[in-house]
Undergrad: 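Following this message is one structure expressed as structure tokens.
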Amino acid sequence: MAREGAERPPEETLSLWKREQARLKARVVDWDTEAWQRDPDFSGLQRVGGVDVSFVEGDSVSACVSLVVLSYPELEVVYEECRMVTLTAPYVSGFLAFREVPFLVEAVQRLQEKEPDLMPQVLLVDGNGVLHHQGFGVACHLGVLTDLPSVGVAKKLLQVDGLEKSDLHKEKIRLLRAGEDTFPLVGGSGVVLGMALKSHDHSTNPLYVSVGHRISLEAAVRLTRACCRFRTPEPVRQADIRSREYIRRTLGSHGPPALRQERIQKAQRSEACPRGGLGEPEGEDRSPQDHSPDPGAELDEPSEAPRDSGNLKNRAVMMSVSTDQSLYRAKNTP
DNA sequence: GCGACAG
DNA sequence: ATCTTGTCGC
């Protein structure tokens, strides 16, 4: 029973969502709070988390939420969890968090219960941080609700506050050389909202990095860069790969019958070319050859004093942050 | 009708 | 997000 896509919520709901974003935005800390963030080599950083949500084709409410934790600097997966969920809110640009964040928070809570020692010291999130309509994208949202440092890594530019894919913007992209180049994304107010980062020598489209929570933009970009083996940073990439794989394993024998045949042929084609090249064909990092070698508190008054995000005492803070379910449930037309 | 549109 | 085909490079 693949339920059909949810419709756009009424203005009343969007209004409530905006208020919530404005309320939580006050809790965002956009500077470094951890010692490792200031260290040139990130010494002290040992665990980087990544989250992603993949969807079941033909079904806009069934999805797989995955949370992975990679060791740093090895970037090897030390924790992984995939879980099927039923989304309650539709996707509306600017309100991605209301669709995904409740499940991401739950994933972090389960990690806290099962393997507290593996709690990541920072989360890389697929989406924007402060580079957002209300200055509070999904990366900020998740960061604030969990009180974990977080970074927003988007694959497409969200055209907000004067930012646009103008010819000038495209020209700046063309000028990015080594796979480490960046240029600032300056909003209309003159504030730097994020950085465009050419994460890979052979990738055309840059990543759009912005502050999520408890980290400076400088450290956020440096960290993202340090986590990139391919175009997308490994934590996010691994979360993506594994959530997709989970859906394949789970719905492999069922799912949309009409599409199964092609799915099989695709799988066979992938196996035909086991080793992939380095380049990620034109911006996207979804090519069959893209497989890497292995398959696989009260923050009301932010203090300048660095806190250890790995300190489990802070996790209690997370539990205290309410996630009013009604706010994350789309009220569609009666 | 046209442009926008994180995931 | 998801789907698609081909193409380049090692």
Side-chain angles (χ1 to χ4, degrees), chain A residues 2 5-6 8 17 21 50-66 85 87 89-104 124-142 150-166 185 193-194 196 200-212 230 232 236-237 239-241 243-244 247-248 251 255-256 258-263 265-266 269-270 272-293:
Chain A
R8 185 184 178 81
W17 284 355
Q21 291 178 323
V51 294
D52 191 50
V53 180
S54 291
F55 297 80
V56 174
E57 54 191 278
D59 185 335
S60 61
V61 298
S62 296
C64 176
V65 171
S66 81
V85 301
L87 303 173
Y91 168 68
V92 181
S93 179
F95 303 97
L96 175 63
F98 292 90
R99 179 168 169 78
E100 306 186 341
V101 112
F103 305 99
L104 298 177
L124 296 192
V125 183
D126 206 338
N128 293 297
V130 300
L131 174 43
H132 178 271
H133 300 81
Q134 279 76 237
F136 192 74
V138 64
C140 298
H141 210 128
L142 181 59
S150 63
V151 175
V153 182
K155 294 181 287 295
K156 294 176 181 173
L157 176 65
L158 183 56
Q159 299 186 143
V160 63
D161 191 26
L163 294 180
E164 54 179 351
K165 290 183 275 189
S166 61
L185 300 166
L193 299 174
H200 193 283
D201 289 323
H202 300 290
S203 72
T204 302
N205 303 324
L207 291 179
Y208 297 96
V209 181
S210 59
V211 169
F230 296 96
T232 49
V236 170
R237 181 166 169 272
D240 176 78
I241 289 174
S243 60
R244 287 178 175 229
I247 287 178
R248 249 191 37 170
L251 308 176
L259 302 169
R260 228 166 64 216
Q261 192 57 32
E262 298 178 45
R263 189 182 297 157
Q265 298 178 333
K266 193 177 208 170
R269 253 179 291 151
S270 301
C273 46
R275 205 58 171 80
L278 297 175
E280 298 191 56
E282 299 324 292
E284 301 304 332
D285 60 342
R286 298 276 187 266
S287 69
Q289 306 92 313
D290 186 32
H291 297 299
S292 49

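The figures here come from the full heavy-atom set of this structure, side chains too, leaving out hydrogens, waters and symmetry mates. Owing to the predicted nature of the structure, the values given are computational and were not obtained by experimental measurement. By convention in this document, chain letters (A, B, ...) are assigned in the order of the sequence lines, proteins followed by strands, and residues within each chain are numbered from 1.
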Undergrad: Under 4.0 Å between a side-chain N/O of A:Tyr91 and OP1 or OP2 of B:dA6, yes or no?
TA: yes
Undergrad: Atom CZ of A:Phe55 to atom C1' of B:dG7: distance rounded to whole Å?
TA: 6 Å
Undergrad: Taking atom NE2 of A:His141 and atom CD of A:Gln134, what is their separation to the nearest 0.5 Å?
TA: 12.0 Å
Undergrad: Separation of A:Leu158 atom CG from B:dG3 atom C1', in whole Å?
TA: 15 Å
Undergrad: Calculate the interatomic distance between A:Asp59 atom CG and C:dA1 atom C1'; express it in whole Å.
TA: 12 Å
Undergrad: Would you classify A:Gly152 as touching base, sugar-phosphate or nothing, given that sugar-phosphate means primed atoms plus P, OP1 and OP2, and contacts are heavy atoms under 4.0 Å?
TA: nothing
Undergrad: Can you confirm whether A:Asn128 sits close enough to A:Val160 that some side-chain heavy atom of one is under 4.5 Å from a side-chain heavy atom of the other?
TA: no
Undergrad: Calculate the interatomic distance between A:Phe95 atom CZ and C:dA1 atom C1'; express it in whole Å.
TA: 18 Å
Undergrad: For A:Leu193, does its backbone N or O pair with a side-chain atom of A:Ser210 as donor and acceptor, under 3.5 Å?
TA: no
Undergrad: Is there a side-chain contact between A:Val153 and A:Thr232 in this structure, where contact means two heavy atoms from C-beta onward sitting under 4.5 Å apart?
TA: no
Undergrad: Is there a side-chain contact between A:Tyr208 and A:Leu185, using heavy atoms and a 4.5 Å cut-off?
TA: yes
Undergrad: By the 4.0 Å heavy-atom rule, please label A:Phe98 as base, sugar-phosphate, or nothing.
TA: nothing
Undergrad: Could you summarise the pairing of DNA chain C as dot-bracket text, marking Watson-Crick and G-U pairs under 3.5 Å with ( ) or [ ] inside the strand and | across strands?
TA: ..........
Undergrad: Whole angstrom is fine here: how far is it from CD in A:Glu100 over to P in C:dA1?
TA: 9 Å
Undergrad: Over all strands shown, is A:Val138 touching base, sugar-phosphate only, or nothing at heavy-atom distances under 4.0 angstrom?
TA: base
Undergrad: With respect to the phosphate group of B:dA4, does any side-chain polar atom (N or O) of A:Lys165 fall under 4.0 Å of OP1 or OP2?
TA: no
Undergrad: Looking at B:dA4, I'd like to know if its phosphate oxygens (OP1 or OP2) sit under 4.0 Å from a side-chain N or O belonging to A:Ser93.
TA: no
Undergrad: When rounded to the nearest Å, what value does the distance between P atoms of B:dC2 and C:dT5 take?
TA: 29 Å
Undergrad: I need the OH-P distance between A:Tyr208 and B:dG7, as an integer number of Å.
TA: 11 Å
Undergrad: Can you tell me how far NZ of A:Lys155 sits from CG of A:Asp126, rounded to the nearest 0.5 angstrom?
TA: 3.5 Å
Undergrad: Give the rounded distance in Å between these two atoms: CG of A:Leu104 and P of B:dG7.
TA: 14 Å
Undergrad: Determine: side-chain N/O of A:Arg244 to OP1/OP2 of C:dT2, distance under 4.0 Å, yes or no.
TA: yes
Undergrad: Give the C-alpha distance, both sets of side-chain angles, the deciding distance and a yes or no for side chain to side chain contact (heavy atoms under 4.5 Å, CB included) between A:Leu158 and A:Ser93.
TA: CA-CA 9 Å; A:Leu158 183 56; A:Ser93 179; 4.1 Å; yes
Undergrad: What's the gap between B:dG1 and C:dG6 when it is taken at their P atoms, as a whole Å value?
TA: 34 Å
